[in-house]
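First the structure, in the form of C-alpha cells, and then the observations on it.
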Amino acid sequence: MASVASPVIFKEFCPLYYLLNAIPTKVQKGFRSIVVYLTALDTNGDYIAVGSSIGMLYLYCRQLNQMKKYNFEGKCESITFVKLLSCFDDLVAVGTASGRVAVFQLVSSLPGRNKQLRRFDVAGIHKSSITALAWSPNGMKLFSGDDKGKIVYSALDLDQGICNSSLVLEEPSSIVQLDYNQKVLLVSTLQRTILFYTEEKSVKQVGTQPRK
C-alpha cells in the first residue's frame with residue numbers, strides 16, 4: 001500500500017536584521033546621496049555574500065559574526081552575480097553589469113590556509129552584464145556567462161597567483177544558469193539547455209524543442 005505523503009509545512013523566518021543593519025541604505029558620492037540596492041546573493045555554511053548597486057560586496061562571516069566589504073577599483077557599477085566556494089581556501093567570484101569578473105581569495109585564521117587577501121581578474125572578455133557563475137569543486141576552474149551568450153573559462157592557480165581566461169562557448173541568447181561537474185558544464189539560456197563537454201569541446205542539447 002502506498003504511503004501517504006506528509007503535509008508540507010511552510011515556516012516564516014525572521015528577517016536577518018543583524019545582516020541588513022550592517023549594510024548602509026544610502027552612501028554619499030560628492031554632493032549626492034545614492035540609495036544602495038541589494039542586487040545579488042549567495043550563501044554557504046561559512047558566509048553570506050551580498051552584492052550591491054554601488055559595486056560593493058558585503059561578506060558576512062557566520063562564525064565570527066563580522067561583516068567585511070570588498071569592491072572593484074574605479075567605476076562603481078552594480079554587482080549582478082556572486083558565487084561562493086569553500087574548498088581548501090574560501091573563494092568568492094563576483095560579476096558586474098559591465099562584464100567585469102573578479103575572484104577574491106579570502107583570509108583564513110586556520111593553519112596552512114591563506115593569510116593575505118588576494119584578487120584575480122578575468123581580463124576583458126565579457127562586454128555585457130554577468131548573469132551566471134559556476135565553480136569547479138576544487139576552485140581551479142571558474143565559468144562565467146553573460147547576457148549576450150558568451151561563456152568564459154578561467155583557470156586559476158592560487159599558489160602562483162595566476163588567472164588565465166578564454167572564451168569557450170557563444171550562444172545566441174542570454175545565459176541564465178551554469179553548473180559544472182566532472183568535466184561537463186550545464187548551460188541554460190533563454191532558448192535552450194545544453195551540456196558542454198569541456199575535454200572534447202562538444203555540445204549536446206537537452207531536449208529538442210526551443211524555449212518560447
Side-chain angles (χ1 to χ4, degrees), residues 38-62 67-108 113-114 116-169 174-181 183-189 196 198:
L38 306 183
T39 55
L41 175 71
D42 194 26
T43 66
N44 63 17
D46 299 317
Y47 294 98
I48 300 174
V50 182
S52 69
S53 58
I54 58 169
M56 189 71 72
L57 172 69
Y58 298 94
L59 193 65
Y60 181 79
C61 178
R62 290 174 156 179
M67 177 72 83
K68 294 191 175 181
K69 300 185 292 184
Y70 305 94
N71 68 345
F72 289 85
E73 288 86 1
K75 180 183 176 184
C76 288
E77 55 182 300
S78 181
I79 291 173
T80 55
F81 210 94
V82 294
K83 192 68 175 177
L84 290 161
L85 177 69
S86 288
C87 50
F88 183 74
D89 284 310
D90 292 307
L91 305 168
V92 56
V94 184
T96 74
S98 72
R100 296 177 70 183
V101 178
V103 172
F104 294 94
Q105 184 182 8
L106 305 178
V107 174
S108 174
R113 303 280 289 273
N114 186 49
Q116 183 178 357
L117 178 71
R118 292 199 290 177
R119 195 182 99 183
F120 303 83
D121 291 299
V122 175
I125 300 175
H126 293 290
K127 303 298 182 186
S128 59
S129 182
I130 301 301
T131 53
L133 295 166
W135 283 106
S136 65
N138 61 7
M140 297 176 67
K141 298 177 182 179
L142 175 69
F143 295 89
S144 51
D146 64 34
D147 65 358
K148 298 297 183 185
K150 287 185 177 181
I151 298 173
V152 172
Y153 160 59
S154 300
L156 286 95
D157 188 328
L158 300 177
D159 294 329
Q160 300 295 322
I162 298 171
C163 176
N164 294 315
S165 305
S166 60
L167 181 68
V168 293
L169 199 61
S174 175
I175 308 299
V176 296
Q177 185 179 5
L178 296 173
D179 195 17
Y180 177 80
N181 194 29
K183 301 179 182 179
V184 181
L185 180 68
L186 175 69
V187 180
S188 285
T189 75
F196 176 64
T198 56

message = Please report the interatomic distance CG(D146) to NE2(H126), rounded to the nearest 0.5 Å.
response = 5.5 Å
ask   = Less than 4.5 Å apart, any side-chain heavy atom of L117 and any of L106?
value = yes
key: Any donor-acceptor N/O pair, Q105 side chain to D89 backbone, under 3.5 Å   = no
task = Compare every heavy atom of S136 with every heavy atom of M140, then report the nearest pair and how far apart it is.
result = N-OG, 3.4 Å
message = Any non-hydrogen side-chain atom of V187 less than 4.5 Å from a side-chain atom of L178?
response = yes
inquiry  = So, taking the atom named CG in L85 and the one named CG in L142, what distance separates them when rounded to the nearest 0.5 Å?
reply    = 9.5 Å
key: N/O donor-acceptor pair under 3.5 Å between S144 side chain and L133 backbone   = no
task = Hey, could you give me each pair passing salt bridge (charged side-chain N to carboxylate O under 4.0 Å, His left out) that has a residue in residues 39-62? Not counting sequence neighbours.
result = none
remark   = Closest non-hydrogen atoms of M67 and Y60, given as atom of the first, atom of the second and distance, are SD-N, 3.9 Å
task = Flag the pair L59 / V82 as yes when at least one side-chain heavy-atom distance between them is below 4.5 Å, and no otherwise.
result = no
request  = Consider only side-chain N and O atoms of D147 and S129, and report whether a donor and an acceptor are under 3.5 Å apart.
outcome  = no
key: Nearest heavy-atom neighbours spanning E77 and A97   = OE1-N, 3.7 Å
query = By side-chain contact (heavy atoms from CB on, under 4.5 Å), which residues pair with V184, not counting sequence neighbours?
reply = L195, Y197
request  = Calculate, to the nearest 0.5 Å, the distance between atoms CD1 and CD1 belonging to I175 and I151 respectively.
outcome  = 4.0 Å
task = Determine the minimum heavy-atom distance between S154 and C163, stating which atoms define it.
result = CB-SG, 4.0 Å
ask   = Counting N and O atoms only, with roles assigned by atom type, does the side chain of K141 sit under 3.5 Å from a partner on the main chain of N138, one being a donor and the other an acceptor?
value = no
message = Let me confirm one number: the CZ-CG distance from F104 to N71, rounded to the nearest 0.5 Å.
response = 7.0 Å
request  = Flag the pair Y180 / T198 as yes when at least one side-chain heavy-atom distance between them is below 4.5 Å, and no otherwise.
outcome  = yes
message = Using every non-hydrogen atom in the two residues, find where W135 and A93 come nearest and quote the distance to one decimal.
response = CZ2-CB, 3.7 Å
request  = Please indicate whether K68 has more than 12 foreign heavy atoms, meaning atoms of other residues, nucleotides or ligands, lying under 6.0 Å from its NZ.
outcome  = no
Student check: side-chain heavy atoms of L91 and F120 closer than 4.5 Å = no
request  = Evaluate the side chain to side chain contact (heavy atoms under 4.5 Å, CB included) criterion for residues Y70 and V92: first the C-alpha distance (whole Å), next the side-chain angles of each, then the deciding distance (0.1 Å), finally the verdict.
outcome  = CA-CA 11 Å; Y70 305 94; V92 56; 5.8 Å; no
pair V168-S166: side-chain heavy atoms closer than 4.5 Å = yes
message = To the nearest 0.5 Å, what is the distance between CD1 on I48 and SG on C61?
response = 10.0 Å
key: Check: T39 side chain, I79 main-chain N or O, donor-acceptor pair, under 3.5 Å   = yes
task = Look up atom CZ in R100 and atom CD1 in I130, then write down how far apart they are to the nearest 0.5 Å.
result = 11.5 Å
